[in-house]
Structures are given as structure tokens and as C-alpha cells.
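Comments concern the structure below.
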Amino acid sequence: MFWDFDFEKLDWNRSYKTVIERVLDKGDTRDWEEMIRFYGRENVIRALKEDITYLSDITMEAVCKYFQLSKEKLRCYTKKQLHQGHWI
């Protein structure tokens, strides 16, 4: 999941947005549980609502189900709605 990070230099607290986004997108349920244990459920939810700007549609659906949130509460969803492309 973190092949491009130097674990010795990684500041897990400063890089929380990147870490949370990557764990949600590439991790499984055990990884999600470990992330929640480390950051706290409320902090992860806050990051989803305020900070995380991109999740794939599949990940977004899984996040909504797991955390019992509506898509409209997620920043990545509202940002995506603002930047829809033109259809032809």
C-alpha cells in the first residue's frame, strides 16, 4: 500500500489524509480496522467529510456502507459533483 513512502521518515499524523485515502482505497477490512484503531473512528469520519478529496466510486460506496454515511456528506463526492465533465 505504501511502496512510495520511506517509513522511517513518514509522519503518520501529518500525512493522515494520504494514509486514510490509500488504506480505504487499497486495504481490506482488517486494514480499515487498524486505521480506525490508530486514528480513531471520529477522526476518520471527519477526514472523509472535510479532507479526503478523491475516492473511487467503488470505495465511496464501501465507505458509506461501512461508516453509515450518505455520499452527500463526503467531500470527495461533493467535489466530484462540482467537476463533472460534459457529456456528448
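Keep in mind it's a predicted model, so treat the numbers as computed, not measured.
- Contact record, Ala47 with Ile20: CB-CD1, 4.0 Å, taken as the closest heavy-atom pair.
- The backbone N or O of Arg75 sits less than 3.5 Å from a side-chain atom of Thr78, completing a donor-acceptor pair.
- Remark: Gln68 CD is loosely packed, at most 12 non-hydrogen atoms of other residues, nucleotides or ligands lying under 6.0 Å away.
- Criterion: ILVMFWY side-chain heavy atoms under 4.5 Å apart, direct or through other members. Under it, Val44 and Tyr54 are not part of a common hydrophobic cluster.
- Closest approach of Asp31 and Val23 over heavy atoms only: O-CG1, 3.6 Å.
- To the nearest 0.5 angstrom, Arg37 atom CZ is 11.5 Å from Glu33 atom CD.
- Nearest approach of Cys64 to Ser70, heavy atoms of both residues: SG-C, 3.9 Å.
- Distance check, rounded to the nearest 0.5 Å: NZ of Lys26 to CD of Glu21 gives 9.0 Å.
- The two atoms that bring Leu24 and Phe67 nearest to each other are CD2-CE1, 4.3 Å, heavy atoms only.
- One finds the CG atom of Leu74 at 12.0 Å from the OG1 atom of Thr53 (value rounded to the nearest 0.5 Å).
- Of the inter-residue distances, the one linking Met60 atom CE with Ile52 atom CD1 reads 12.0 Å to the nearest 0.5 angstrom.
- With rounding to the nearest 0.5 angstrom, the CG atom of Asp25 is 4.0 Å from the OG1 atom of Thr59.
- The closest side-chain donor-acceptor pair between Tyr16 and Asp51 falls under 3.5 angstrom.
- A distance of 12.5 Å separates NZ in Lys71 from CG in Leu55, rounded to the nearest 0.5 Å.
- In this structure, Arg41 and Tyr66 approach most closely via the heavy-atom pair NH2-O, 3.7 Å.
- Taking all atoms of both residues into account, the shortest heavy-atom contact from Phe38 to Asn13 is CE2-OD1, 4.1 Å.
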